[in-house]
Amino acid sequence: MKFKLLVGKRALGSAYSKDYTEWAESLLYEGIESENVAILASMGYERDPDSEEIERYFLKSLKDLGLTLPNEKEGLKIYAKVLCEQVISGDLEPEKGTRILESFYSKSDYEAIYSIWDELSEDLWMVNNRDGCIFNTGLSAENKNEYIKGVAAQFIELLEEKLPDRFFYLCACPECGYIGESALEVIDKSWMPDKLYRFIYKRAQTQRAICVNCKRPFPNNMSDYEGRKQYLSKKC
């Protein structure tokens with residue numbers, strides 16, 4: 001677990017010298033015999049250990065132990081899973097976990113899967129300050145901790161799924177159960193031709209998303225916990 005945390009923090013760019021030295025110290029407690037590990041652990045007692053020396057002995061320790069560092073993308077995935085597990089178990093306060101996981105979105109070069117945490121973070125701000133939310137159906141100030149734990153459990157499941165390329169373009173209709181891309185319906189003078197409307201009002205007509213199958217307005221999308229829940233339940 002300590003190695004996964006270290007690998008993850010390293011990928012996120014949030015690993016400090018003490019993370020490396022504490023990892024090495026934990027190995028010594030486990031009875032690992034390695035001169036490089038011992039040197040790395042001893043650097044934790046220095047007031048201001050040299051970061052280059054930390055890195056050098058860390059890489060030497062990995063070689064001694066036969067360990068390989070995952071690439072950054074895999075490192076982020078490993079760390080995200082560990083953080084979610086800590087949130088679920090109660091070892092990490094849910095909102096604090098959300099704040100850490102929110103940073104994965106930009107660090108991953110805006111990989112879509114991590115947008116879940118970016119949007120949840122925005123919704124948490126909304127329920128804490130404005131008594132409403134945008135992306136996550138049913139989130140409230142009263143249930144936010146359990147809600148975050150639910151998102152964390154769901155996120156672990158999503159990480160193990162092979163999601164379609166356009167996953168976040170899908171919707172899930174709670175009315176008829178349809179899952180697929182939504183359609184758009186004009187609701188602002190729908191009888192009027194678009195070009196004429198633009199000419200008169202100098203703007204486009206107002207549209208809303210609808211379910212392709214039953215025409216229900218505003219089906220849940222995959223930015224919504226409930227939409228993803230429906231998607232995963234249908235796959236099972």
Working note: S140 + N143, criterion side chain to side chain donor-acceptor pair (under 3.5 Å); need CA distance, chi angles, decisive distance, verdict. CA-CA 5 Å; S140 67; N143 72 1; 3.1 Å; yes

Would a 4.5 Å heavy-atom cut-off, applied to side chains only, mark Y178 and R216 as touching? no

Min side-chain heavy-atom separation D194-Q205 under 4.5 Å: yes

Validation row: D224, R228 side chains within 4.5 angstrom (heavy atoms): no

Specify the closest pair of heavy atoms between P94 and V87, including all atoms of both residues, with the distance to one decimal. CA-CG1, 4.2 Å

Assess the pair Y231 and F167: is the distance between their ring centroids shorter than 6.0 Å? yes

List the steps, then state whether side chain to side chain donor-acceptor pair (under 3.5 Å) holds for E175 with N213. CA-CA 10 Å; E175 187 76 25; N213 188 55; over 6 Å; no

Non-hydrogen atoms of L101 and C84 that approach each other most closely: CD1-SG, 4.2 Å

E111 (side chain) donor-acceptor with I113 (main chain) under 3.5 angstrom: no

Nearest heavy-atom approach of C211 to C176 is SG-SG, 3.6 Å

Looking at Y114 versus F104, is the centre-to-centre ring distance below 6.0 Å? yes

Between L232 and L158, is any pair of side-chain heavy atoms under 4.5 Å apart? yes

Which heavy atom in A172 sits nearest to a heavy atom in M222, and how many Å separate them? CB-CE, 3.9 Å

Can a donor-acceptor pair be found, under 3.5 Å and without considering hydrogens, that links the side chain of Q230 to the backbone of C173? yes

Close aromatic pair by centroid cut-off 6.0 Å: Y57 and Y20: no

Would you check if the side chain of D19 reaches a backbone N or O of Y16 as a donor-acceptor pair within less than 3.5 Å? yes

Counterpart residues, side-chain hydrogen bond (donor to acceptor under 3.5 Å, both in side chains), relative to N220 (two or more places apart): none

Trace of the side chain to side chain donor-acceptor pair (under 3.5 Å) decision for S121 with E102: CA-CA 7 Å; S121 181; E102 176 193 5; 3.0 Å; yes

Check whether any side-chain heavy atom of K81 lies under 4.5 Å from a side-chain heavy atom of F155, and answer yes or no. no

If only atom types and distance count, is the side chain of S115 paired as donor or acceptor with the main-chain N or O of D118 below 3.5 Å? no

Is the backbone N or O of E53 less than 3.5 Å from a side-chain atom of D50, with the two atoms forming a donor-acceptor pair by type? yes

In short, L40 meets S61 closest at the heavy-atom pair CD2-OG, 4.1 Å

Could you tell me whether the side chain of K2 reaches within less than 4.5 Å of the side chain of L27, counting heavy atoms only? no

Start with the C-alpha distance between S34 and N36, add both sets of side-chain angles, then the distance that settles side chain to side chain donor-acceptor pair (under 3.5 Å), and finish with yes or no. CA-CA 5 Å; S34 162; N36 291 308; 4.8 Å; no

Is a donor on one side and an acceptor on the other found under 3.5 Å between the side chain of D123 and the backbone of I134? yes

State the CG-CG distance between L69 and L59, to the nearest 0.5 angstrom. 7.0 Å

Any side-chain heavy-atom pair from L12 and I100 closer than 4.5 angstrom? yes

Are there over 12 heavy-atom neighbours, none belonging to E33, within less than 6.0 Å of that residue's CD? no

For W23 together with F3, are the ring centres under 6.0 Å from each other? yes

Could you check whether the rings of Y147 and Y225 sit parallel, tilted or perpendicular, using 30° and 60° as the cut-offs? tilted

Between K215 and V212, what is the shortest heavy-atom contact and its length? NZ-O, 3.2 Å

Any side-chain heavy atom of L124 sitting closer than 4.5 Å to one from K144? yes

